[in-house]
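Here is the structure we will look at.
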Amino acid sequence: EVQLVESGGGLVQAGGSLRLSCAASGFTFDDYAIGWVRQAPGKGREGVSCISNSDGSTNYADSVKGRFTISSDNAKNTVYLQMNSLKPEDTAVYYCAADFGMQLVPPGLYSTYDYWGQGTQVTVSS
């Protein structure tokens, strides 16, 4: 059974930081690229970041570059999203997603992910 379980969401003040975690199980971790996709209230989904668990390469949406950092711990089958300098516009449900093939998924092509977690709420107050 493939499972992606997000954690670490919560309520923070603008300018604060938060770290999200995605624990993966049920598949060979190194064979997938894993990313984060978010959906703000009343908005469509937006690809945020992706990391290849085979070579460690990463990408980011322009809206989060310089503020967010994605990383992975292959020994723990876990991907993290460190979010700094948070803005109210970052408020969204954040989903962890996995794509088979070991290739990075561009932020604009999040619909190609094969598996999705249930999401974790991030709320940034002004």
Any salt bridge linking Lys87 with Asp90? Criterion: basic side-chain nitrogen under 4.0 Å from a carboxylate oxygen. no
Side chains of Gln121 and Tyr94 in contact at under 4.5 Å (non-hydrogen atoms): no
Measuring from atom OH of Tyr60 to atom OG1 of Thr69, what distance do you get when rounded to the nearest 0.5 angstrom? 4.5 Å
Mark yes when over 12 heavy atoms from residues, nucleotides or ligands other than Glu46 sit less than 6.0 Å from its CD; otherwise mark no. yes
Supply the atom-to-atom distance Leu104 CG to Ser52 OG, rounded to the nearest 0.5 angstrom. 5.5 Å
N/O donor-acceptor pair under 3.5 Å between Thr123 side chain and Leu11 backbone: no
Are Ile51 and Val64 grouped together when hydrophobic residues (ILVMFWY) are joined by side-chain heavy atoms under 4.5 angstrom apart? yes
Can you name the nearest heavy-atom pair linking Val93 to Gly119, along with the distance? CG1-CA, 3.9 Å
Write out all pairs satisfying disulfide (SG to SG under 2.5 Å) with one or both partners inside residues 46-79, taking only residues at least two apart or from two chains. none
Test item: Ser71 and Asp73 side chains (from C-beta on) under 4.5 Å apart, heavy atoms: no
Under 3.5 Å donor-acceptor, Thr112 side chain and Tyr110 backbone: no
For the OG atom of Ser49 and the NZ atom of Lys65, what is their distance to the nearest 0.5 Å? 10.5 Å
So do Leu4 and Trp116 actually touch side chain to side chain, heavy atoms under 4.5 Å? no
If you compare all heavy atoms of Tyr113 against all heavy atoms of Ala33, which two are closest, and at what distance to 0.1 Å? CE2-O, 4.3 Å
Would you be so kind as to tabulate the donor-acceptor pairs closer than 3.5 Å made by side chains of residues 12-30, with sequence neighbours excluded?
{"unit_1": "Ser17", "atom_1": "OG", "unit_2": "Asn84", "atom_2": "OD1", "d": "2.9"}

In terms of hydrophobic clusters joined by side-chain contacts under 4.5 Å, are Val48 and Val79 together? yes
Are Tyr95 and Arg38 packed together at the side-chain level, in the sense that at least one heavy-atom pair is separated by less than 4.5 angstrom? no
Start with the C-alpha distance between Ile34 and Ser72, add both sets of side-chain angles, then the distance that settles side chain to side chain contact (heavy atoms under 4.5 Å, CB included), and finish with yes or no. CA-CA 9 Å; Ile34 297 181; Ser72 64; over 6 Å; no
Could you tell me the separation between the OG atom of Ser54 and the CG atom of Asp31, rounded to the nearest 0.5 Å? 8.5 Å
Distance in Å, Cys96 SG paired with Gln118 CD, rounded so as to fall on 0.5 Å steps: 11.5 Å
Is the shortest heavy-atom distance from the side chain of Tyr80 to the side chain of Trp36 under 4.5 Å? no
Nearest 0.5 Å please: distance from the CG atom of Asn77 over to the CD atom of Gln3. 12.5 Å
Considering only heavy atoms from C-beta outward, does the side chain of Tyr115 approach that of Asp99 to under 4.5 Å? no
Atom CD of Gln82: over 12 foreign heavy atoms under 6.0 Å: yes
Shared hydrophobic cluster, Phe68 / Val124 (ILVMFWY, side-chain heavy atoms < 4.5 Å): yes
Group every Ile, Leu, Val, Met, Phe, Trp and Tyr by side-chain heavy-atom contacts under 4.5 Å, then state whether Val2 and Tyr32 land in the same group. yes
